[in-house]
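Here's the structure we're looking at; comments come further down.
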Amino acid sequence: MSDTLTHSERIEAGLTKRYRAEKRFRLYGIAAIAVAMAFLVIMLAAIGIRGIGAFQQTEVALTVVFDETHIKDNNWQAIVKESMRKKFPEVTSRSDKRLLTQLMSSGAGFNLQNMYRADPSLVGETRTVWLTASDDVDMLMKGAIDRASPQSERRVSDKEIVWIDSLIADGALELKFNTHFFTGGDSREPELAGIFGAFMGSIFSLAVCFLLSFPLGVMTAIYLEEFAPKNRWTDVIEVNINNLAAVPSIVFGLLGLAVFLNFFMLPRSAPLVGGMVLALMTLPTIIIASRAALRAVPPSIREAAWGMGASSVQTVLHHVLPLAMPGMLTGTIIGMAQALGESAPLLMIGMVAFIVDIPGSFTDPATALPVQIFLWADSPERAFTERTAAAIIVLLVFLVTMNLIAVVLRKKFERRW
Amino acid sequence: MYVTPARRAQKAVEAVIKGILIASSTVAILTTVGIVASLLFESLRFFGEVPLTDFLFGLEWSPQTAMRADQVGSSGSFGAIPLFAGTLLISAIALIIATPIGLFAAIYLAEYAHVSVRNWVKPILEILAGIPTVVYGFFAALVVAPWLRGGGESIGLDVSSESALAAGLVMGVMIIPLISSLSDDVINAVPQTMRDGSFGLGATKSETIRNVVLPAALPGIMGGLLLAASRAIGETMIVVMAAGLASNLTANPLQAVTTVTVQIVTLLTGDQEFDSAKTLAAFALGLMLFFTTLVLNVVALHIVKKYREQYE
Amino acid sequence: MELAIHTDVSANARVNAQGLNSKPHKVTAEGVNVFYGNKQALNQVNLDIPSNMVTALIGPSGCGKSTFLRCLNRMNDVVDGCRVEGEICLDGENIYARGVDVVHLRARVGMVFQKPNPFPKSIYDNVAYGPRIHGLAKSRTDMDEIVMTSLEKAGLLDEVRDRLDAPGTGLSGGQQQRLCIARAIAVEPEVILMDEPCSALDPIATAKIEELIDELKENYTIIMVTHSMQQAARVSQKTAFFHLGELVEQGDTTDIFTKPVDERTKAYVTGRIG
């Protein structure tokens, strides 16, 4: 028995060390998850903090006279200039006057033009209107330019700060909700840049993508799941689809460039081509999800239909497809969300141009939301960083919404057979 | 039984429907054919101007000189080794970061976590996979790179503002969910009886995982890592935004390197005529990229499939 | 097979002659209740298991015999929502008491499973696994000796001597199960639990395992769940009959099979319920 004792003691002796190792191992797991989550939180927070400011824009209340001659000359900025000088009559030197007008955005005139277009009877009238301030003023207001730093190191001079402060004291300079960000197209001036053009580009591209990839994907899935014989050819298709799903997205862009643009001579920078490339990219996702949805429909449904004398095509169209549709739609929405976030292939087909106009059709030159983010991220102005982050927030909101719809759809139609 | 005209018409319709279904299933094949054909065709034109060996083994990459057709050396330097090296460096950094984190996260979720914890944590990790790469690129270029630079400065290290480390680190985070969800699947596929066998001998949980579960799951995990590597090599936006443009043959992660995907984007965006060696080079790079990732994927999918069959 | 029954009966006679009840019981269970969530799987089980004998737990599927077996080395601990009440003592010590170490317990109470489950390692490493994690071998030669003796005791050594580096999963089903027994023996447990160890094996492999079990009882206390009444009769000295989560009857194997007291036992051993 003494032998058993030493044996038992030996096990006992190792236990503390082993339990310490156990604890450590478990801790590694928790640490790994914590690191991944922390990164997610930090990333979202960093983007949120940087971007939230862009949803507000500094505006200045000016008393403007809709002067007839200026309107005739189409010189709207002159109206802004005059009202600024009226507001600060003490500014006399040429350079100071120029500085003064630079407080306002070069787009302030457009605001006036739009007002006039909506109501031509404004000619000769005097109105107090809120107009967009320049990005430097905006940055100062949002604290991105440090007032305490030496004058030479900041983009807003002491003089300008005095004027700005007097405007603030008058209640004539405020941060207001930035509608233009949601309704405007791209611009070289950060305070005038909006995401609507890119948004429309994305919508057009996604529409093309959906119209192509959904029917194609569903039909391929139906063929492979319901009709295809099990032979070499279908094996090839199957392996091919799985591999296509893992091809780098930029390769699809090269395909689009070589085939759609250079061979079929389709227009460059057009959402039509963008959508086609995205469709080829999302096709595997949709096929794989649709096949899973078809497989989830129990054979008893098919057998019942066949038993009633339905042909195999009727069985699929009338009985199987309706039951598989929610699953297919869920997969499609997830595929569309991927397509919405994709940018690399769009760079290849020229959807990276600087485009001010809001695209109105499938063949108008356009960018897309993620490409706009890429373009803005490259711009040196401080104010563009803020807008890039804000555009990311908008993009993420769309993605979250799409994924939530997919989750809800899945939950609602989830059926256990 | 006789066949009515209505029945015959229906049969014709069904034949057409089946025809359409078959036609649509060939689109996937045509896509692959299109990719291979276009890449091969343009690459062959490129290799007509630049010898294949120069491309594959050349140490200098400076396609800019190709713009000046009247000059000596107008064909530019198209040695792709620095690009391959840069791609490998960044992908390696990404895998070094993502593998332990993804694997340990998967182990914890599969073996330790309570169901309710698992139901919460898994979808949150999946969010990382759903975030567009351009967002990671922004984060890498505007947040992580300055941090690394600042951090390096404070300890006397010279970190480039477009360091391979920043791009690799952020890319690593991007592929964490890929590794963790694939590993989670293979770990769950290891039969419970194997764990019981180990527990029955008095092994602790971690001993069981390290000595029994992981060796059993290893082939599947390797398959997952290959897929992750393929993903890292083909990733574009993060490196375009956070890695450098200048080719630089170095293994130092603190320096700027450029990658295959970055060069494809730089060569093809902007205005240039399409027939220059410069634009064709992008297709040669694309061909290399496609081929490499294809091999990785095929091998990975094969391993994972074999692994699944083993425990079915 | 007849021979097995023969030895079995003679062994029983020998044990009885020695005065079985004077010996302390290796394992005693008192008032054991087991719940899976809200469902009660075992109800007030009292069972004493003598040393150096084979005790068979029999009963129809779902009667709780496996559940009871898994309580004896606390394998139920890993099952979510499983709760054990009552007292199970190993050498008079409650294994469910506070401060009892599961790892240590399982080193003393080894287990062999229904389906052979060798690890994806070499034959050698399969056997060396237990001693290695418990730190039982002081040197490489020590380990070699443990592995060889264990394989020898499990009657597998002659078949695998020249391929110890081959994977354990490459062996036949019966060999795999003997490898699992060798693996359990290597830790030098006092009790070996066997959960239907032959249910996945063919008759020849089964006969070998049964022979082995008979030899092993010299040194170990063996508790075996079995579905086969013939097997229980062949290899065990004590039998306990479970039915619907209750321990209906226990006693000498010969008594249970020849003159059962309870009607349910009678019905089961004569094949009317099962």
Side-chain angles (χ1 to χ4, degrees), chain A residues 18-19 21-22 25-26 28-30 32-33 35-37 39-40 43 46-47 216 219-220 222-224 227 236-237 240-244 246-251 254-255 257-259 262 280 283-284 287 311 313 337 341-344 347-348 352 370 373-374 377 385 388 392 395-396 399 403, chain B residues 14 17-18 20-22 24-25 27-29 31-32 34-35 38-39 42 100-101 104-105 107-108 112 121 124-125 127-128 130-132 134-135 137-139 141-143 173 176 204-207 209 227 230 234 236-237 241 261 264-265 268-269 274 282-283 286 289-290 293-294 297-298 301:
Chain A
R18 286 168 70 190
Y19 280 125
E22 171 73 26
F25 194 76
R26 203 188 155 96
Y28 291 152
I30 295 174
I33 291 174
V35 167
M37 287 212 189
F39 196 95
L40 178 69
M43 182 159 83
I47 288 168
L216 276 177
M219 287 195 290
T220 306
I222 291 175
Y223 174 69
L224 289 177
F227 297 108
V236 168
I237 297 184
N240 178 54
I241 289 169
N242 285 338
N243 282 320
L244 219 46
V247 168
S249 59
I250 193 168
V251 172
L254 289 172
L255 169 77
L257 173 58
V259 175
N262 290 340
L280 295 182
L283 202 51
I287 294 174
S311 70
V313 171
E342 196 54 69
S343 28
L347 304 184
M348 297 290 94
V352 272
I373 291 166
F374 167 65
T385 308
T388 316
I392 289 175
L395 178 64
L396 290 180
L399 289 177
N403 280 297
Chain B
E14 296 201 346
I17 290 179
K18 273 194 194 173
I20 295 174
L21 293 182
I22 294 175
S24 57
S25 74
V27 170
I29 298 278
T31 307
T32 308
I35 288 173
S38 54
L39 291 181
E42 308 290 355
I101 297 180
F104 269 109
I107 289 171
Y108 187 81
Y112 286 102
V121 173
I124 292 178
L125 287 185
I127 294 177
L128 282 174
I131 291 177
V134 70
V135 178
F138 173 79
F139 185 63
L142 278 95
V143 182
V173 175
I176 286 174
T204 63
K205 212 156 191 178
S206 66
E207 286 162 352
I209 295 165
L227 280 181
S230 146
T236 306
M237 295 316 289
M241 295 169 85
T261 47
I264 295 176
V265 170
L268 288 180
T269 51
F274 191 72
F283 283 88
L289 183 65
F290 176 73
T293 53
L294 184 72
N297 293 335
V298 169
L301 289 176

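The structure displayed is predicted, hence computed values, not measured ones. Heavy-atom basis, side chains included; hydrogens, waters and symmetry copies ignored. Sequence lines set the chain letters: A, B, ... in the order given, protein chains first and strands last, and positions in each chain run from 1.
With a 4.5 Å cut-off on non-hydrogen atoms, Phe39(A) touches chain B through its side chain but not through its backbone. Residue Leu40(A) touches chain B through both its backbone and its side chain, counting heavy-atom pairs closer than 4.5 Å. Only the side chain of Ala46(A) has a heavy atom closer than 4.5 Å to any heavy atom of chain B. For chain B, the nearby part of Leu395(A) is the side chain; its heavy atoms alone come within less than 4.5 Å. Ala28(B) touches chain A through backbone and side chain together, each having a heavy atom under 4.5 Å away. If you measure heavy-atom distances from Leu347(A) to chain B, the contacts under 4.5 Å come from both the backbone and the side chain. Of the two parts of Leu301(B), only the side chain, counted from C-beta on, holds a non-hydrogen atom closer than 4.5 Å to a non-hydrogen atom of chain A. Only the side chain of Phe227(A) comes within less than 4.5 Å of a heavy atom in chain B; its backbone stays farther off. With a 4.5 Å cut-off on non-hydrogen atoms, Leu254(A) touches chain B through its backbone and its side chain both. If you measure heavy-atom distances from Leu244(A) to chain B, the contacts under 4.5 Å come from the side chain alone. Both the backbone and the side chain of Leu216(A) come within less than 4.5 Å of a heavy atom of chain B. In this structure, chain A has a heavy atom under 4.5 Å from the side chain of Leu125(B), while its backbone stays farther away.
When Leu396(A), Ile241(A), Leu280(A) are compared by the number of non-hydrogen pairs under 4.5 Å with chain B, Leu280(A) comes out ahead. Ranked by heavy-atom pairs shorter than 4.5 Å toward chain A, the options Leu227(B), Val121(B), Ile176(B) are led by Val121(B). Residue with the most contacts toward chain B among Ala21(A), Ala377(A), Ser311(A): Ser311(A) (heavy-atom pairs, distance under 4.5 Å). Contact count versus chain A (heavy atoms, under 4.5 Å) is highest, among Ile17(B), Thr204(B), Ile20(B), for Thr204(B). Looking only at heavy-atom pairs under 4.5 Å with chain A, the residue among Thr261(B), Thr236(B), Val173(B), Ile101(B) that has the most is Val173(B).
Using a 4.5 Å cut-off on side-chain heavy atoms (C-beta onward), Phe283(B) and Leu257(A) make contact. With a 4.5 Å cut-off on side-chain heavy atoms, Leu39(B) and Val251(A) count as touching. Residues Met43(A) and Val143(B) form no side-chain contact, since every pair of their non-hydrogen atoms from C-beta on lies 4.5 Å or further apart. Proximity of Thr293(B) to Val247(A): side-chain heavy atoms (C-beta onward) are nowhere separated by under 4.5 Å.
Using the six-membered ring where Trp is involved, Phe104(B) and Phe25(A) have ring planes that are perpendicular, over 60° apart on the 30 and 60° scheme.
Rounded to the nearest 0.5 angstrom, Ile373(A) CD1 and Met237(B) CE are separated by 9.5 Å. In this structure, CG in Leu399(A) is found 11.5 Å from CD1 in Ile127(B), a value given to the nearest 0.5 Å. Remark: Leu255(A) CG to Phe290(B) CZ distance equals 10.0 Å, nearest 0.5 Å.
Counting heavy-atom neighbours within 6.0 Å of Lys205(B) NZ, excluding the residue itself, gives a total above 12.
Glu42(B) and Ala258(A) make their closest contact through OE2-CB, 4.3 Å (heavy atoms, listed as atom of the first residue, atom of the second, distance). What you find for Gly341(A) and Pro132(B) is that their closest heavy atoms are O-CB, 3.4 Å. Scanning both residues, Ile264(B) and Met348(A), for their nearest heavy atoms gives CG2-SD, 3.8 Å. When all heavy atoms are compared, the tightest approach of Val259(A) to Ser38(B) is CG2-CB, 4.2 Å. For Val134(B) against Pro370(A), the heavy-atom pair with the smallest separation is CG2-O, 3.5 Å. Tyr108(B) and Arg26(A) get closest at one heavy-atom pair: CD1-O, 3.9 Å.
Applying the side chain to side chain contact (heavy atoms under 4.5 Å, CB included) test between Ser25(B) and each of Thr220(A), Asn240(A), Ile287(A) identifies Thr220(A) as the sole match.
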